[in-house]
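Remarks on the structure that follows.
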Amino acid sequence: MIDDPDLAALFAAANASRLKAYAPYSGFSVGAAVRDDAGAVHHGCNVENAAYPVGTCAEAGAISAMVAAGGRRLSAVLVTGGGDGLCTPCGACRQRIREFGDAETPVIIAGPEGVRRRFTLGDLLPESFGPENLADARGV
Ligand code: THU
């Protein structure tokens, strides 16, 4: 049971998406949900492929859904996977989150039973490179 309704909505969306994951090769289903700065929730799951490297992560799907809906800023991310470990975003997905978030963006890791641990993007991707780095150097 998650008391915070905002967090509960994020968890419900990620968990529902995880149950729809297409992961026949790894057998590891992942769901992700993101909240944009207007408060809307977008979600995605991992979609694997017989050509293994072509598979996509749940976070990529959720961010893609946010962008397609017009969202441009992340206010929170929740990722849920099975097993006993923490399903923290892979390196590439940390950078995907960085594009639309910042060091303070909450990245909440859950399992089927509920929230397991909370990070910020700054914890997971310190001293990151983002859009501002390009803007700072323009014309230099
Ligand atoms: N995966 C995700 O979708 N997100 C993560 O944060 C970690 C890993 C997926 C990729 C692949 O389909 C499966 O989990 C096993 O790595």
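What you see is a predicted model, and the numbers here were worked out from it, not measured in a lab. Atoms considered below: every heavy atom in the structure, side chains included; atoms not considered: hydrogens, waters and symmetry mates.
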How close do [X] and [Y] get, counting heavy atoms only, and between which atoms?
X	Y	result
E48	P24	OE1-N, 3.6 Å
L74	I97	CD1-O, 3.6 Å
R72	V67	NH1-O, 3.2 Å
V41	A13	CG1-CB, 3.7 Å
E99	R73	O-NH1, 4.2 Å
V77	V79	CG1-CG2, 4.1 Å

How far does [atom1] of [X] sit from [atom2] of [Y], to the nearest 0.5 angstrom?
X	Y	atom1	atom2	answer
N46	S17	CG	OG	9.0 Å
L78	I2	CG	CD1	7.0 Å
L7	R118	CG	CZ	5.0 Å
N49	Y25	CG	OH	6.5 Å
I108	R116	CD1	CZ	14.5 Å
R35	L10	CZ	CG	5.5 Å

Out of curiosity, does [Y] fall in the hydrophobic cluster containing [X] (side-chain heavy atoms, cut-off under 4.5 Å, transitive links)?
X	Y	answer
V34	F119	yes
L125	I109	yes
L86	F28	yes
V115	L121	no
Y22	V54	no

Review point. Does some side-chain heavy atom of R98 sit less than 4.5 Å from a side-chain heavy atom of P131?
Key: yes

Point to revise | Atom CZ of R117: over 12 foreign heavy atoms under 6.0 Å | key: no

Study note, to complete from the structure: Residues passing the side chain to side chain donor-acceptor pair (under 3.5 Å) test with D123, sequence neighbours excluded, are T120

Point to revise | ring pair (Phe, Tyr, Trp, His ring centres under 6.0 Å) partners of residues 64-108, not counting sequence neighbours, each pair once | key: none

Review point. Are any side-chain N or O atoms of E59 and backbone N or O atoms of C93, one a donor and one an acceptor, separated by less than 3.5 Å?
Key: no

